[in-house]
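Note sheet for the following structure.
In each ligand, atom 1 is the first atom listed, and ligand 1 is the first ligand listed.
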Amino acid sequence: MHVKDNTFLITGAASGLGAATAERLVAAGGRVVLCDLSGAVNAHAQRLGKTARAARGDVTSGDDIQAAVDVAVELSDGRGLAGVVHCAGVVSVAKLVDREGNPADLEAYNRTIQINLVGTFNVMRLAAAAMAQNPAGEDGERGVIINTASIAAMDGQVGQCAYSASKAGVVGMSLPAARELSRHGVRVMAIAPGVFETPMMSEIPDEAAQALAAAVPFPKRLGRADEYARLAEQIITNPMLNGEVIRLDGGIRMQ
Ligand SMILES: NC(=O)c1ccc[n+]([C@@H]2O[C@H](COP(=O)([O-])OP(=O)(O)OC[C@H]3O[C@@H](n4cnc5c(N)ncnc54)[C@H](O)[C@@H]3O)[C@@H](O)[C@H]2O)c1
């Protein structure tokens, strides 16, 4: 799948990994629809120029994501939605039992699962239905979906029951979704980032960030958003990547 002149939907595109991916795909000649809950998505789309559109919306809403897919199809000049890079997500930390002996809040758990896992399924189902209508390209390819998991899917830390479960769900959907969508010529991949320098991570105190960076075998630093975007671009353009989860983490294995 070429990036140039093709149209991509990017969720979580107002910030961090999604914002960087939108920038990279536009620089490579692609057209992008930036979807995010945050109004900042409008300014970012404007900055990127006339091949970018904003579609403000919530990834857990069928109507919002259908509207974003429709904007992408319109922007594509008849080629259809070629790809999705799904970056919208939230991080959460809560112990099962806190210091005072109180059980974790069930609503907070549900919220993380709803956004990170159900939101991913929602984006996949609506994007795949649109991609299935595309004319087939080389090898019969019609589209590519890139989801964002996390190394917390495999190496979850204390307090990450909700976050790790939501991301493990994203990992678990990759292969069955890739198998099912193969008959439509749509690939499904997931990226599992380690620790990246984005607004999501900016709440971590400096000391903790330094300790995390030191725990990365090489390079000894946090990941940069454009490094995620570069992998997303490679997945888009390399047709043999399918049904797999790629760790992008400098070799870190959380204890
Ligand atoms: N930064 C990291 O270290 C890291 C590591 C592993 C995985 N991830 C994952 O990467 C993805 C992107 O993270 P980031 O670091 O760029 O975070 P970020 O907070 O910078 O960006 C996330 C974006 O998602 C948007 N968003 C949240 N809920 C949404 C919803 N319901 N509908 C639409 N948009 C919504 C936010 O408004 C925000 O703009 C997330 O799924 C995150 O879990 C990040």
Legend entry - Minimum-distance pair of heavy atoms, taken over all atoms of His44 and Glu23: CE1-OE1, 3.6 Å
Inset, instruction - Indicate, with yes or no, if Leu75 and Met1 share a hydrophobic cluster defined by side-chain heavy-atom contacts under 4.5 Å among Ile, Leu, Val, Met, Phe, Trp and Tyr. - result: no
Legend entry - Gln114 and Asn110: side chain donor to acceptor below 3.5 Å: no
Inset, instruction - Indicate yes or no: does Asp155 engage Arg247 in a salt bridge with an N to O separation below 4.0 Å. - result: yes
Inset, instruction - Evaluate whether atom NZ of Lys95 has more than 12 neighbouring non-hydrogen atoms of other residues, nucleotides or ligands under 6.0 angstrom away. - result: no
Inset, instruction - May I ask you to test the Met189-Ile246 pair for a side-chain heavy-atom distance under 4.5 Å? - result: yes
Under 3.5 Å, N/O to N/O: give me all the pairs between ligand 1 and the protein, one per line with atom names and distance.
from: ligand 1; atom 1: 1 (N); to: Phe196; atom 2: O; distance (Å): 3.4
from: ligand 1; atom 1: 1 (N); to: Thr198; atom 2: OG1; distance (Å): 3.1
from: ligand 1; atom 1: 3 (O); to: Phe196; atom 2: N; distance (Å): 2.7
from: ligand 1; atom 1: 3 (O); to: Phe196; atom 2: O; distance (Å): 3.4
from: ligand 1; atom 1: 15 (O); to: Thr198; atom 2: OG1; distance (Å): 2.5
from: ligand 1; atom 1: 16 (O); to: Leu17; atom 2: N; distance (Å): 2.8
from: ligand 1; atom 1: 20 (O); to: Ser15; atom 2: OG; distance (Å): 2.5
from: ligand 1; atom 1: 31 (N); to: Asp58; atom 2: OD1; distance (Å): 2.9
from: ligand 1; atom 1: 32 (N); to: Val59; atom 2: N; distance (Å): 2.9
from: ligand 1; atom 1: 34 (N); to: Leu37; atom 2: N; distance (Å): 3.3
from: ligand 1; atom 1: 37 (O); to: Asp36; atom 2: OD1; distance (Å): 2.6
from: ligand 1; atom 1: 39 (O); to: Asp36; atom 2: OD1; distance (Å): 3.3
from: ligand 1; atom 1: 39 (O); to: Asp36; atom 2: OD2; distance (Å): 2.7
from: ligand 1; atom 1: 41 (O); to: Cys87; atom 2: O; distance (Å): 3.4
from: ligand 1; atom 1: 41 (O); to: Lys167; atom 2: NZ; distance (Å): 2.8
from: ligand 1; atom 1: 43 (O); to: Tyr163; atom 2: OH; distance (Å): 2.6
from: ligand 1; atom 1: 43 (O); to: Lys167; atom 2: NZ; distance (Å): 3.1

